[in-house]
Engineer: 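Take a look at the following structure, please.
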Amino acid sequence: MRQTVDLGYGTPPPDLRRWDREFLWHPFTYLREWLAPEFEIPLIVRGEGARLFDEQGRGLIDGNASIWCNVHGHGHPRIIAAVKEQLDRFAHSSFLGFSHPPGILLARRLIEEHLGKWGFSRVFFSESGSNGIEAALRMTLQWQSLTGHPERHRFVAFRRSYHGDSLGAGSVTGLAAFKSFLGENRSGYPVTWLDDPEQLAEIGAPGDIAGLILEPVIAGAAAMVPWPDRTLVRCREWCDRHGVLFLQDEVFTGFGRTGRMFGFEHEACPADILVLGKALSGGVGPLSATVTNERVFRPFARAESIERNFLYGHSYAGHAVACAGGLASLDVFREEDVLGRLQGRILALGEALEELARHPGIAQVRRRGFAAAVEVVDADRTEASTDYGRTRGRRVTRECWRLGLAARAIGNSVILVLPLCAGEEIVREAVEIIGEAVRRIDGPGS
Ligand SMILES: Cc1ncc(COP(=O)(O)O)c(C=O)c1O
């Protein structure tokens, strides 16, 4: 029986789980399961470091890095102070025809400290990964038109991909589960689909192709499937040969997840347009960036009428508080040598997963850097199943929650993406919990 705990949201304490079922509609959530009275809604009321806490004060490792946004842990004093300071100045003004210090400073530091050496020079802020991608796609089409190629209206994308769920971003997303909304009369951008970079050679006449989009290093939402070595280089060469812009989606892989600051650094192969999101704000607020080189920016800057400029952007684009969080996050990366200290944690994760992979209930373990997936055995396993209809992964994550790990499943894969601040002990504990959860699912009576 749960105790009633005063969480400071009024007296008497609100009946949160009942009101959740009564008033909310959660994103990417299996509602039938959620609404069943016996389902224990995972309720988070506090975070500290790599752990979240439920209303009973029970600590749970944040194995989802709060949907892949958190990097330095919850409540990092430097980030919290920066956010509070900015809130005291102002929370939000407009970035549409106006500017503000945190936005300017964050753009400058992204370029000067991290991305300028790879040829990037301009930062266009939005407020979600999907909108960062949407901006990148539209920039690409308009750039082709401004530079004399309006016939280039098609994209090349990979089937094993997720780039967001707005109409444009959804139309270059390959995973079937995310496309059902497009239905029979599908609209959205026309796309040439590939399974792997080898197939680039089979694209006969690329004269109508505007851009190629890829998530570097590892396909995250495809349940962490790593790309073969030299995938980026191959795409880059193909794009250069055919007048196509190369778009890289680092909404997930950016900011250390794969062991380097950005995924493309593994192949030293930057894009023309790079999209960042999630961890960009240090995990405290919605923020994304569509980052371009000068070749992409110039035709827009030279356009003589406003209609030929980039007429795109949302009310909360470049949110000042989120930008302040992003600036503090860059400080933390540097001052706490986050990437240096991460390397030992990556080794610990690799070792723990290797041991877990011997368990008969585990079909496969996939990992790149600090991002991993543990796929559980299913009777009719398909390779790297991202079929959301499969329930075994979800059963394991429900068990994980009971054992002290907040994790999310994609199909039959349990996704393990820890905040970068999670030390080796937490890494091992998280993997042990997954192992124990699988044992319980496989146990008698399951
Ligand atoms: C690679 C990638 N691109 C884009 C997105 C969309 O980001 P958002 O959910 O912030 O719109 C995601 C979200 O998971 C992602 O993983």
Side-chain angles (χ1 to χ4, degrees), residues 26-29 63-71 124-138 140 155 157-175 177-179 181 188-189 191 211-227 231-232 235 246-258 262-264 271 273-291 312-314 316-319 322 325-326 366 368-373 386 388 407-411 413 415-417:
H26 284 266
F28 278 114
T29 299
N64 183 35
S66 296
I67 198 66
W68 309 348
C69 297
N70 192 287
V71 270
F124 180 93
F125 285 122
S126 306
E127 80 290 18
S128 71
S130 299
N131 282 326
I133 295 290
E134 202 72 41
L137 299 171
R138 289 193 191 204
T140 301
F155 289 94
F158 289 82
R159 284 201 183 82
R160 204 187 293 143
S161 68
Y162 176 77
H163 296 295
D165 50 11
S166 54
L167 184 59
S171 63
V172 293
T173 286
L175 293 167
F178 303 108
K179 300 187 70 74
F181 76 99
Y189 297 123
V191 176
L212 177 152
I213 183 162
L214 175 81
E215 181 176 16
V217 184
I218 187 166
M224 303 294 158
V225 182
W227 289 109
T231 292
L232 292 178
C235 291
F246 190 11
L247 285 61
Q248 289 174 6
D249 176 352
E250 295 236 24
V251 169
F252 164 59
T253 53
F255 300 99
R257 295 279 175 223
T258 68
F262 302 105
F264 73 80
I273 304 183
L274 170 72
V275 184
L276 305 172
K278 292 189 183 279
L280 172 62
S281 68
V284 292
L287 186 68
S288 63
T290 306
V291 187
Y312 181 89
H314 297 172
Y316 279 108
H319 194 269
R366 297 179 293 275
R368 207 58 206 268
F370 214 41
T386 37
Y388 266 68
R408 198 166 155 80
I410 296 179
S413 297
I415 306 300
L416 186 61
V417 174

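Every number for a ligand or one of its atoms is a count from 1 in the order of the listing.
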Engineer: Relative to the ring of Phe178, is the ring of Tyr162 parallel (under 30°), tilted (30 to 60°) or perpendicular (over 60°)?
Structural biologist: tilted
Engineer: Under the criterion side chain to side chain contact (heavy atoms under 4.5 Å, CB included), which of Ile273, Leu212, Ile213, Thr140 is the partner of Phe246?
Structural biologist: Leu212
Engineer: Rounded to the nearest 0.5 Å, how far apart are CD of Glu250 and CG of Leu274?
Structural biologist: 5.5 Å
Engineer: Do Arg368 and Trp227 form a cation-pi contact, if we require the NZ or CZ to be under 6.0 Å from the six-membered ring centre and within 45 degrees of the ring's axis?
Structural biologist: no
Engineer: Tell me whether Tyr189 at atom OH has more than 12 heavy atoms from other residues, nucleotides or ligands lying less than 6.0 Å away.
Structural biologist: yes
Engineer: Using 30° and 60° as the class boundaries, would you call the ring planes of Phe124 and Tyr312 parallel, tilted or perpendicular?
Structural biologist: tilted
Engineer: Heavy-atom cut-off of under 4.0 Å around ligand 1: list whichever protein residues fall inside it, by chain and number.
Structural biologist: Trp68, Ser128, Gly129, Ser130, Tyr162, His163, Gly164, Glu215, Asp249, Val251, Phe252, Lys278
